Student: 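Quick one: structure below, then a few questions.
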There are 2 protein chains.
Amino acid sequence: MQQIDTLIQARWIIPVVPEHSWHEGHALAIHDGSIIDLLPAGEAVRKYRAEVSLKLEHHALIPGLVNTHTHAAMSLFRGLADDLPLMEWLNGHIWPAEGRWVSPAFVHDGSRLAVAEMLRGGTTCFSDMYFFPDETARVAADNHMRATVGMILIDFPTVWAADADEYIHKGLKLHDEYRNHPLIKTAFAPHAPYTVSDAPLQRVQTLAEELDVPIHMHVHETADEIGGSVEHHQVRPLRRLEKLGLVSPRLLAVHMTQLEDEEIELMARLGGHVVHCPESNLKLASGFCPVDKLVKAGVNVALGTDGAASNNDLDMFGEMRSAALLGKAVAADASAVPAATALSMATINGARALGIDAETGSLEIGKAADLVAVDLGGLDSQPLYNPISQLVYASGRDKVSDVWIAGKHVVKNATLTTMDENMIRQKAVEWGRKILASDA
Amino acid sequence: MQQIDTLIQARWIIPVVPEHSWHEGHALAIHDGSIIDLLPAGEAVRKYRAEVSLKLEHHALIPGLVNTHTHAAMSLFRGLADDLPLMEWLNGHIWPAEGRWVSPAFVHDGSRLAVAEMLRGGTTCFSDMYFFPDETARVAADNHMRATVGMILIDFPTVWAADADEYIHKGLKLHDEYRNHPLIKTAFAPHAPYTVSDAPLQRVQTLAEELDVPIHMHVHETADEIGGSVEHHQVRPLRRLEKLGLVSPRLLAVHMTQLEDEEIELMARLGGHVVHCPESNLKLASGFCPVDKLVKAGVNVALGTDGAASNNDLDMFGEMRSAALLGKAVAADASAVPAATALSMATINGARALGIDAETGSLEIGKAADLVAVDLGGLDSQPLYNPISQLVYASGRDKVSDVWIAGKHVVKNATLTTMDENMIRQKAVEWGRKILASDA
C-alpha cells in the first residue's frame, strides 16, 4: 500500500474537466499538495494508506472556485451606499470614502475580511485589482490562499502612487517579491481604457510580454465608456486596445457588457478572455454581457464577483447561479449557459484566464489539490437528479463544509483553520463605525 | 406588569411599514398570536412579563416572507430537467412526469418538502396553484403555515378533474372546508389565458365576487402567449381578461414579462396585482418584467419563486435579491427597485395581493406575529451600514435562525419544530429514485 497525505471519498466527485461529468462513489488521493489519483473508492482503500481519511457521504467534491475579478479591500465599503445612480455612488460616496480611508491598514483589514469570506464560501483563488496590492498579497500568502494580485495603474495620482512611473515601479517590486511564490502571482492591472493613456498601456503591454503575466482590466463596462472613447479616440475601447497590442491571450477584459458581433469575433480570434460579473453589472445597471454568444464564439468566459461595494458579497455560488440564469434570459434561450458551463466559468475558465490552468481549476491528476466539499444532503437539495444542476441552481455557499488549497485544509467543518474569524469581524465592525461616521 | 406570551428583543426591527425604516434596540411584544406592542427594549422589560423572552443581539427581525406564487408539490421535480428549451422541457419531461406521477400522495409529500424548505428559509405564507390543492392545504394547516391555496381550473381533463364543472365543484368544496380556518385561505387559480376559455373564466369572475376571494393566474408569461392570443382572440391576453371583467384588485397576474405601457396603465387604473418571479423568468428565458415601471405607475408588485422545477429552490431571500438586481438592469437605472422596495415586494405587497394585509406582511400592532429572525452577526454581513441593504444584498436564507407564524415558534435555532425533517428528506429521496428511473 502506498502512503499518502489525504484520501477523500465523496458521494459525487465533479472534476469539471471533462465538462458535464461526475463520478459516484469515487475517491481523490492527495499527496504533497497535489491530486495524485481519482479512482473508485473500493480500489482507493486497497491502494492507499492515508494519514487523513475522509468519507463525505452527502457531499459533492468540486474544484476550488476562482473569483477572477475582485477589489478585496472594498469589502469594508460593503453596503455603504446602495441603490444610487452610478455617478452619485462614485462621486458622492465611494471616491470620497476611498480618498479618506484607503491606507495599508485599510487594505490589510479589508483584504483579510474578503479572504475569510471567500474561503468560507469555497473560493480558493482570486484575481484582485486595488491599491496597496502588497497588503492584499501578504494577506493571501499568510492565509494560504491562491491569488493573482494586480499591479494597478491609473493616470491620476493616488495614495498608492503619483504617476505611471511610480505605479509601474511599485508593481514590478511586488512582482519580484512573489516571483517564486507557490500561491501568489501578479498581473498588470491598468484600471480601464478611459483612465489609462496610450503610453502607459504600451509599456504595460511590453512588460507583460517580458514578465509573462496577464493584463487585468475593466473593458466596456458601460455605454458611457464607449461614447467617451469614440469622442476622444475615434474608436471603441476594444479597438483601441487592439491597436495597442493588448488584445491577446494575456488580456482579462472584465465586464464587457457592450459588445458588437465583430468585437466578439475579435476576442475569439485574438484569444482574449472575458471576465463576467453578472451581479455587479445588474446592480450598477451597466448592461448585459452576451455570455452565450461569447461562449459559442469560442471565447473563454470566467466569472468574478467584483468588489463587495457593488455586489454586495463575494459569493461565487451566487455568481454562478446568476450567470446561468441571466445568460438564458439575455440569449432568449432556456438552453443557454447550462449549469455545467456556469461551473466551468467559476473554475477552470478562471484558471485559464489567469494562465494557471496547469495548476488549478479542475480535479485532474497532477494539479494542486484545490478542492471544495459541498453538502448536498439537506432537504432543500432533494430530490437530486443531477449534482451539477443542484450545485448551480439549488445550492449555495452555506453548503460548503470543507476547503483545501494545495492540499492544506483551510476550512474544516465550516470553520476557518488559518484565520481568526472573531478578530476579523471585530476589525470590520470598527472600520464600519469610523467610515459611517464620516459618510454624512 | 402585563403578562404576555413572548417578548423578542432584537438588534434591529424592520417593520416594512413604513418602508425604509428600522428600530434599533427595540422589542416586539406578542400575545395570543398577535403583535401587541413595538417599543424600546428598556421600556418593554419594565412593561411586560413574558412567558418566553428572547434577546437577539445580532439579528434583524422582519415580517415573515410571503411567497406569492408557488407550485409546491413540484419540488419533487426539482432539477429533473434543466437547461432545455421551454417546449422540450414541458413536452419531453415535465408534462410526462406529471401525467405519470401526480397523485394525492405525490402532492402531499411534495408539498411537505416545499413547506419545510420555505419555513426554514423564512417564508411564512405561500400562494399555491396545483392539482390536489386539498393535500397542499392539509400540509400547510397541519404544520401551522399560512397559505392561500388555489382552486385550480384548466380547459383539459387531468387526474384532478375532468371538466370545468368538476374543477369548480372541487374548488368550492375546498373553499367551504377552510372557510373559517385561521391560516388557510383559497383563491381561484385559472391556469392561464391560453388554457382557460371565456365561459369558465366568466364563472370564476362571478364566483370570486360572491366568495370574496382572489384570482391567481399566469398572465403574459412569454411572447408566444401574446402571439397566440392575438391570433385566436384578436386581442392581447390582458385585454381579453379586462373584457371578461377579471382585471381588478382581485387579480394576481403572475409573470407579466410582456407589457406595453398602456397595459401597465391599465393594471394601475384597475388595481390588479403583479406577481414577479424573476428567477423563473430568467431560467425559462421568458422575458423581463418591467418592475420599476410598474412600481412607479402605482401597481402593487409582489414576489414569488414559482415551482422548484423552474427555479430550482423556494428561496425568497434569493428572489428578493434577484428582483432588486434585475430590476435595476431592466430599468437601466441603478437606483431602481431599491432594497426596501424588494423587501416590501417579498412581504407586505404579497399580503396585499392576497387580501390578507390586515393580518400579515408587516410588523404592526394588531397583526399576526408572523416573524423571521435573521442573523446579521456573521463576518459576511460586516461592516453593516444599513440593515435593509444587508438583508437584501448580502444575506441569505441560511441566516434565518427563528420563524414564528401567528405567534407559534415554527423554526427554532434553524430547526423545524412542527415537521420531521429526516422523514421528509427520506420521502423526497424515494420519490426522486422512482421518478428518475421513469424519465429515461
Side-chain angles (χ1 to χ4, degrees), chain A residues 76 78-80 82-86 89 113 116-117 120-121 279 281-288 308 311-315 322 324-326 328-329 331-336 338-339 377-380 382-386 389-390 393-394 396 398 421 424-425 428-429 431-433 435-436 439, chain B residues 76 78-80 82-86 89 113 116-117 120-121 279 281-288 308 311-315 322 324-326 328-329 331-336 338-339 377-380 382-386 389-390 393-394 396 398 421 424-425 428-429 431-433 435-436 439:
Chain A
L76 291 176
R78 183 204 311 278
L80 176 63
D82 288 326
D83 303 323
L84 297 172
L86 185 64
W89 177 70
L113 176 64
E117 181 184 351
R120 278 278 302 270
E279 295 185 2
N281 295 161
L282 291 171
K283 185 153 186 285
L284 300 177
S286 305
F288 299 98
N311 188 307
N312 295 346
D313 58 31
L314 305 179
D315 175 4
S322 293
L325 295 181
L326 186 61
K328 296 178 211 318
D333 174 1
S335 68
L379 61 78
D380 48 6
Q382 308 312 323
L384 191 151
Y385 297 105
N386 176 323
S389 189
Q390 220 73 337
Y393 295 123
D398 57 299
E421 204 171 310
I424 295 167
R425 180 175 32 225
V429 170
W431 276 107
R433 271 198 211 111
I435 293 166
L436 185 61
D439 184 58
Chain B
L76 291 176
R78 185 204 310 278
L80 175 63
D82 288 326
D83 302 323
L84 297 173
L86 185 64
W89 177 69
L113 176 64
E117 181 184 351
R120 278 278 303 271
E279 296 184 2
N281 296 161
L282 291 171
K283 186 153 185 287
L284 300 177
S286 306
F288 299 98
N311 187 306
N312 296 346
D313 57 32
L314 306 179
D315 176 3
S322 293
L325 295 180
L326 186 61
K328 296 177 212 317
D333 175 0
S335 68
L379 60 78
D380 49 5
Q382 308 311 325
L384 192 152
Y385 297 105
N386 176 323
S389 190
Q390 220 72 335
Y393 295 122
D398 57 299
E421 205 171 310
I424 294 167
R425 180 174 32 223
V429 169
W431 276 106
R433 270 197 212 112
I435 292 166
L436 185 61
D439 184 58

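To find a chain, count down the sequence lines: A is the first, B the second, and so on, and within it residues start at 1. Owing to the predicted nature of the structure, the values given are computational and were not obtained by experimental measurement. Just the heavy atoms: all of them, side chains too, but no hydrogens, waters or symmetry mates, feed the values below.
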Student: Is it the side chain or the backbone of A/Gln390 that comes within 4.5 Å of chain B heavy atoms, both, or neither?
Tutor: side chain

Student: So, for A/Gly377 and B/Arg425, which heavy atoms are closest and what is the spacing to 0.1 Å?
Tutor: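 Closest pair (atom of A/Gly377, atom of B/Arg425, distance): O-CD, 2.8 Å.
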
Student: Supply the atom-to-atom distance B/Leu86 CG to A/Asp333 CG, rounded to the nearest 0.5 angstrom.
Tutor: 10.5 Å

Student: With a 4.5 angstrom heavy-atom cut-off, could you sort out which part of A/Leu326 is near chain B: side chain, backbone, both or neither?
Tutor: both

Student: Using a 4.5 angstrom heavy-atom cutoff, name the option from B/Ile424, B/Leu80, B/Val429, B/Asn386 with the most pairs to chain A.
Tutor: B/Leu80

Student: Can you tell me which portion of A/Leu84 sits under 4.5 Å from chain B's heavy atoms? Options are side chain, backbone, both or neither.
Tutor: backbone

Student: Which of the residues B/Asp313, B/Leu76, B/Asp398, B/Asp380 is involved in the greatest number of heavy-atom pairs with chain A at under 4.5 angstrom?
Tutor: B/Asp380

Student: Mind listing the closest non-hydrogen atom pair of A/Gly79 and B/Tyr385 along with its distance?
Tutor: O-CB, 3.6 Å

Student: Are B/Pro383 and A/Ile435 side-chain neighbours, meaning at least one heavy-atom pair lies under 4.5 Å?
Tutor: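 Contact flag for B/Pro383/A/Ile435 side chains = no.
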
Student: Quick one: of A/Arg120, A/Lys283, A/Glu117, who has the most non-hydrogen atom pairs under 4.5 Å with chain B?
Tutor: A/Lys283

Student: If I measure from the heavy atoms of chain B, does A/Leu113 come under 4.5 Å with its side chain, its backbone, both, or neither?
Tutor: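 When you check distances to chain B, atoms from both the backbone and side chain of A/Leu113 fall under 4.5 Å.
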
Student: Please identify, among B/Phe288, B/Trp89, B/Trp431, the residue contributing the most non-hydrogen atom pairs under 4.5 Å to chain A.
Tutor: B/Phe288

Student: What residue in B/Ala336, B/Gly121, B/Ala308, B/Pro85 has the most heavy-atom pairs under 4.5 Å with chain A?
Tutor: B/Pro85

Student: Looking at A/Ala329, A/Ala331, A/Ala332, A/Ala394, which has the largest count of heavy-atom pairs under 4.5 Å with chain B?
Tutor: A/Ala329

Student: Need one label for B/Ala339: side chain, backbone, both or neither, based on atoms under 4.5 Å from any heavy atom in chain A.
Tutor: both

Student: Of all the heavy-atom pairs spanning A/Ala334 and B/Ala285, show the shortest one and how long it is.
Tutor: N-CB, 3.6 Å

Student: Please look at A/Asn311 and chain B and tell me whether the side chain, the backbone, both or neither of the residue comes under 4.5 angstrom of a heavy atom of that chain.
Tutor: both

Student: Rounded to the nearest 0.5 Å, what separates atom CD in A/Glu421 from atom CG in B/Leu379?
Tutor: 4.5 Å

Student: Does A/Arg78 reach the main-chain N or O of B/Gln382 with its side chain, forming a donor-acceptor pair under 3.5 Å?
Tutor: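 Checking the backbone N and O of B/Gln382 against the side chain of A/Arg78, a donor-acceptor pair under 3.5 Å is found.
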
Student: Quick one: do B/Lys328 and A/Asp83 make a salt bridge, cutoff under 4.0 Å?
Tutor: yes

